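Keep in mind the model is a prediction, meaning the values are calculated, not measured. Order of appearance sets the numbers: ligands from 1, and atoms from 1 within every ligand.
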Amino acid sequence: MGWTGPGFVDHHTHFLRVIAGEMGPCDVADPTEVERYHRRVSERWSTPMDDDDRPPIPEHRDFPAVLESGLLSAAQLGLVQITEAGMHDWAYLDALQVARDRAEALPCRVRILVASGLAEQDPKRLVSTGDSWVDVIGVKFYADGWLGPRTCAVTEPFKDRRNPTGGGDTGILFLDADTLAKRADQFAERGLTIATHAIGDRAIDNVLTAYEKIYGGDCAEAAPRIEHAQLLSPSLIQRMADLGVVACIQPCFAYSDREAARVALDDAALEFAYRWDLLLDAGVRVITGSDYPIEPLSPMVGLQRLITVEPQIDVDTALALLTDAAAGTVELADDPRSLEPDELPDLAVFETRPAA
Ligand SMILES: [Zn+2]
């Protein structure tokens, strides 16, 4: 039995960068290298979204065609819309607009969060295109590192990095509340979405304080985002709900990070790590993104993870988190609600129809 439903959207990928063959700043599969990179960047008082010491985009004879065929492969996975979470070069937007003009449409809608460093170099370029196929929606900031390399900013020192005499490693905070508020304000004022990477509880606390400073009582309407929002606490969850901050979570992380989390965190902290269920219960607005290439791009893999890995979201809620009827529709070979979870990653996509 086929299934037609709202289209799958991916609110946080690094898809365009991968399609273009752009090398990342370090080998993300090696936690030691990631830690070294994060420390190097923070010692320069910079962040990964401000770092211009990056390898350039490789030369392509027809860059628009390269991006378009990449978007076709995303559509074949069932996606009607992706968001590039941190564009470092305007060449991507230019090429996408050429591809869109040639074909009058794209295989998949693209939303762009511009990396904070690029955004500040030329704030005037940062305007909505008004085009449903390719649009600039906001700015991506980066408040802390990652859990695996122990660079996310935490309140209690990591369990495996404590000094015998007390204290220890609490990760890296690239941006404190004052700095983030000061930098994000000009963009927030112009109605652009602010999306800030924050994984550790200390980083999330700082980002929420920054959002309080920037938006005051208008926060819910502006709907600024926290990307990842992994290491939570009851009070952080409540603040996110009260402010109306959006949590952009990664369905695969609770599974991929569980070993690192067990080694790095006390039981008390572990209890509030990756608690999408508590975010939803508190009324926090939750959206999802793959964080490809860190995790697979396929939304079916995300669906499978959401319903099988603790805290195990029910399948209807999981589908609602992964899709958006306003972005388009998707037709699948089978009803995902009637399949065994291990069959989901192989579910065939018949058709994707992005909303024009
Ligand atoms: Zn990311």
In Asp291, the N/O/S atom nearest the Zn ion (ligand 1) carries the name OD1
CG (Asp50) and OG (Ser116) are apart, to the nearest 0.5 Å, by 3.5 Å
Polar side chain donor-acceptor pair, Tyr292 to Asp10, under 3.5 angstrom: no
With a cut-off of 2.8 Å, does His14 put an N/O/S atom close enough to the Zn ion (ligand 1)?
yes
Lys213/Asp185 ion pair, N-O < 4.0 Å
no
Mind telling me whether His197 and His228 have parallel, tilted or perpendicular rings, with 30° and 60° as the class edges? perpendicular
Problem - Contact check: Glu227 to the Zn ion (ligand 1), N/O/S below 2.8 Å - result: no
d(Gln250 CD, Thr288 OG1) to nearest 0.5 Å is 8.0 Å
Do any of the N, O or S atoms of His228 sit under 2.8 Å from the Zn ion (ligand 1)? no
Answer key: the N, O or S atom of His12 nearest to the Zn ion (ligand 1) is NE2
